[in-house]
*Asks:* 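Once you've had a glance at the structure underneath, I'll fire off some questions.
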Amino acid sequence: MTCPSALERMTGPVQEETPDSERKTPDQRAKMSDIERLRHSCAHVLATAIAKLWPDAQFAAGPPVENGFYYDVDLAHRISPDDFAKIEAEMKVVVKANQVFEKVVVTRDQALADAQKGRLAALGDRAVPSRFKLDIVQGIPEGESITYFKNGEFIDLCAGPHVMRTGNIGAFKLTHVASAYYKGDEKNPQLQRIYGTAFKNKTEMEAYFTMIEESKKRDHRKLGAEMGLYVMDTEYVGPGLPLWLPNGTAIVEELEKLAKETEFAAGYVRVRTPHIAKEKMYKTSGHLPYYAESMFPPMEFDENEKLRSELEIKTERLWAQVCELSRADAKLRGVDEENAMTYVEKVLLGEEAALGKLPPRISELYTEHRSASKALRNLPDAEFYFLKAMNCPHHHRIFAAEPRSYRDLPLRLAEYGCCYRYEQSGELLGLMRVRSLNMNDAHIYCTTEQFATEFNAVNEMYLKYFKIFGLEKYQMRFSTHSKEGLGKKYVDEPELWIQTETMVRDVLKNSGINFVEVSNEAAFYGPKIDVQVWSAIGREFTIATNQVDFAVPKRFGLVYKDRDNSEKTPLCIHRAPLGTHERFIAFLIEHYAGNFPLWLAPEQVRVLTIGDDDALVNYAREIVTELRASMVRAEGDFGTDKINGKVQRAEQAKVHTMLVIGPRDMAASAVSIRVHGKGNVGVKPRAEAVSDILAAIKARTA
RNA sequence: GCCGAAGUAGCUCAGCGGUAGAGCACCGGUUUCGUAAACCGUAGGUCGAGGGUUCGAUCCCCUCCUUCGGCUCCA
């Protein structure tokens, strides 16, 4: 289904990932690709070098990762990139020595004893135990074999696998150093994580670093600023809240147009919902307990604020008066001070007959107090409103707004809903991670029988989009639940989980879509698919998500009337093929290096005049007007600059098509066409040039 | 949120205890040029914010904000 990208050819097929905090099973280890094996081995070489330079280093984990490897180390010396040359030199010695990676099977007791002696992840015995290794040994399940890998004097607790010899590592380089918690838990000590990468040979490594350089040039934050797509006004608007400038908005609206056309053809209907909703919405949906901290704090909204405070003051005042008078009355009746209130309350509350005994003024005040506090109690509570972090609950309420029949299904509600998520400050990253986001969202309500067709149609839509954007490599990550998470991370519906996961798996298998299955990463309400794509330079992006929801419609009590007159809860498919505008455009900027195809280019056409002669400018202006009348984003540059200057400015602004107009063109009713990055492509009659442009935009061709 | 680094004109950067600098862009002129920069000039800054040290702070110290590199998280 997919062509291997340059990166894939370099790094081998993408593997299922396992979070650091979880151990890889022996089964997963067996699947380790050649390049991962090599990188894992290089991590050992790194540790060998560090152990030589700083013998007191304590090592934790050193796995291969997507583009390389790392080793986590606890060390008093703070390793900085300045140390890399020194470490790499030691690593080179190890690689040159061509040491054998020798696998040694040991008993648990032996491993524990060695860890105590500080012998693990070290070149010899040490005064202090290898404390992380000790912890890891203790975590290995009974019955699983415990192995070391030994290269030279360096012994590491490791399940492998490794390459045969250190000399098999053809090229390596340390890249950066970061911090990480042991086992990814912030309660654990913080370690230094030293990253590096390794390849079979130097050529492959150079290709990799070329790609990294290229991705820096294509960084959406850099290009987004240069091209005037968006700005972050952190001072007045806030971090993670992008302002879309006219150029960026043009792209946003083209994507919306694409989605609207595609969805309309596929039988979706459009809806619009507010940006906020009451607390009840998210209590009902079940999002609040799971996601409260990543939602913006609620706004308290009290319609009766004034009345409430008046009543509060009034009840307090009345009660104070009642108390005062009652004490005086009790005293009069000879009840001692200590029991005065008890006495009065008893009379007031219970003994009706005794009412008459009290001075009428107290009864009166008491009655007044009672009615005021009743009024206070009866005031509706203040409401809490949340900014919506997702559109689904609003759509569920649209489903609930009318009685639904099985004839209405599937019902496909689509909206470019603007959501707000309080992403942690350290998470914000240009447009990739933001706090306000526009989702290409839709919710499909369907019956169990309709599910496979609907789910498949959604996947087909993804593929259609991939084609438009020229994405050759993609992968669907099918995330399922875990039994242990039921009732915690996941709604406690074991049968529905199995049932929906089976349905999704069957659809994926039958359609031949490229997917991998990952357990324990589902949404809380059902299995999901994360859509990964690879940009033109081979970087991976997770752009979209597609989820099954068998839980939340039930929580909202959504039902449709089936053929047999029974009420049934629909299944819901959440889908957003273009993800969020923000992330998708960030991806497109890198993918196209800012050189957008005509239909997406913020400025599609710029008409440049050679000179500023009146007749010429009029002719050029006519062309701009004609194009704009057909919704082409065309501008004119009619100034006094030399044509070279105008061309350069247009090229730098990445204007897709430049129409250069000089006296010769005007005389022939023609235009001279120049395409961004391609140079002068020749002269055409004006009418033909215009119709070509319109046709290319309509076809959304590159 | 956590660890580390950085914030000087719209952009790219220089300066680093003693009056704040350049190029490009902007603006005003001049130039009339056939496909990646014609020329001249004006203007532009609380040197991220607040506090401290100092005779004097863009520079040194502290706090905060934001950004960047990671970690954690991602409905």
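Residue numbers start from 1 in every chain, and the chains themselves are labelled A, B, ... in the order their sequence lines are given, proteins ahead of strands.
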*Asks:* Regarding B/rA36, can its base be found pairing with the side chain of A/R674 as donor and acceptor, where the two atoms are less than 3.5 Å apart?
*Replies:*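 Yes.
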
*Asks:* By nearest nucleotide on RNA chain B, pick out whichever of A/Q652 and A/D219 is the more 5' one.
*Replies:* A/Q652

*Asks:* Provide the Watson-Crick or G-U wobble partner of B/rC13, both distances under 3.5 Å; none if there is no partner.
*Replies:*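 Looking at the geometry, B/rC13 pairs with B/rG21.
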
*Asks:* Looking at B/rA38, which nucleotide sits across from it as a Watson-Crick or G-U wobble partner, both distances under 3.5 angstrom, or is there none?
*Replies:* B/rU30

*Asks:* A/K528 has a side chain; which of B/rA75, B/rA38, B/rU67 sits nearest to it?
*Replies:* B/rA75

*Asks:* Using the C1' atom as the reference point in each nucleotide, state the distance between B/rA9 and B/rA25 in Å, no decimals.
*Replies:*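 To the nearest whole Å, 11 Å.
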
*Asks:* Paired with B/rA43 by Watson-Crick or G-U wobble geometry, both distances under 3.5 Å: which nucleotide is it?
*Replies:*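 Its partner: none found.
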
*Asks:* Check A/E415, A/H394, A/H395 against A/H443 for a side-chain hydrogen bond (donor to acceptor under 3.5 Å, both in side chains) and give me the one that passes.
*Replies:* A/H395

*Asks:* Would A/Y525 and A/Q547 count as having a side-chain donor-acceptor pair, cut-off 3.5 Å?
*Replies:* yes

*Asks:* Counting the atoms with a prime plus P, OP1 and OP2 as sugar-phosphate, which does A/G430 contact under 4.0 Å by heavy atoms, base, sugar-phosphate, or nothing?
*Replies:* sugar-phosphate

*Asks:* Using the P atom as the reference point in each nucleotide, state the distance between B/rA20 and B/rA49 in Å, no decimals.
*Replies:*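 To the nearest whole Å, 15 Å.
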
*Asks:* For A/E590 and A/S535, test the side chains for any donor-to-acceptor distance below 3.5 angstrom and give the result as yes or no.
*Replies:*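 There is such a pair between these side chains.
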
*Asks:* Find the partner of B/rU54: check Watson-Crick (N1-N3 plus N6-O4 or O6-N4) and G-U wobble (N1-O2, O6-N3) distances, both under 3.5 Å, and reply none if neither fits.
*Replies:* none

*Asks:* Among B/rA75, B/rA37, B/rC71, which nucleotide sits nearest the side chain of A/N644?
*Replies:* B/rA37

*Asks:* When only distance counts, do a donor and an acceptor, one from the side chain of A/T545 and one from the base of B/rA75, lie under 3.5 Å apart?
*Replies:* no

*Asks:* Between B/rG50 and B/rC74, how many Å separate the two C1' atoms, rounded to a whole number?
*Replies:* 35 Å

*Asks:* Return whichever of A/R435 or A/I610 has its heavy-atom-nearest nucleotide of RNA chain B closer to the 5' end.
*Replies:*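 Whichever sits nearer the 5' end wins; that is A/R435.
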
*Asks:* Using a 4.0 Å heavy-atom cut-off, does A/G662 contact any base of the nucleic acid, only the sugar-phosphate backbone, or nothing at all?
*Replies:* base

*Asks:* Measure from the side chain of A/L428, starting at C-beta and using heavy atoms only, and say which of B/rA75, B/rU67, B/rC73 lies closest.
*Replies:*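 The answer is B/rU67, which lies nearest to the side chain.
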
*Asks:* Do we see a donor-acceptor contact under 3.5 Å between the side chains of A/K489 and A/S482?
*Replies:*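 No pair is found: no donor N or O on one side chain lies under 3.5 Å from an acceptor on the other.
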
*Asks:* Think A/R221 has a side-chain N or O under 4.0 angstrom from the OP1 or OP2 of B/rU66?
*Replies:*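 For A/R221, the contact criterion (side-chain N or O under 4.0 Å from OP1 or OP2 of B/rU66) is not met.
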
*Asks:* Side chain of A/T640 only, please: which of B/rC73, B/rA38, B/rG34 is the nearest?
*Replies:* B/rA38

*Asks:* For the side chain of A/L429, counting heavy atoms from C-beta on, which of B/rA36, B/rA75, B/rG69 is nearest?
*Replies:* B/rG69

*Asks:* Which of these nucleotides, B/rU31, B/rA75, B/rA36, is closest to any side-chain atom of A/E651?
*Replies:*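 Looking only at side-chain atoms, A/E651 lies closest to B/rA36.
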
*Asks:* Suppose you measure atom P in B/rU46 against the same atom in B/rC65; what distance do you get, rounded to whole Å?
*Replies:*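 The answer is 22 Å between these two P atoms.
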
*Asks:* According to the Watson-Crick and G-U wobble definitions, with both distances under 3.5 Å, which nucleotide is paired to B/rC64?
*Replies:* B/rG48

*Asks:* Could you tell me if A/S519 and A/E517 have a donor-acceptor pair between their side chains, going purely by distance under 3.5 Å?
*Replies:*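 Note: A/E517 and A/S519 side chains miss the donor-acceptor criterion.
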
*Asks:* I'd like to know whether A/R686 forms a salt bridge (charged side-chain N to carboxylate O under 4.0 Å, His left out) with A/D665, so could you lay out the CA-CA distance, the side-chain angles of the two residues, the decisive distance to 0.1 Å, and finally the verdict.
*Replies:* CA-CA 9 Å; A/R686 168 182 164 180; A/D665 306 290; over 6 Å; no

*Asks:* Looking only at side-chain atoms of A/P239, point me to the closest of B/rU66, B/rA36, B/rU32.
*Replies:* B/rU66

*Asks:* Looking only at side-chain atoms of A/R421, point me to the closest of B/rG34, B/rC71, B/rC74.
*Replies:*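 Within the option list, the nearest is B/rC74.
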
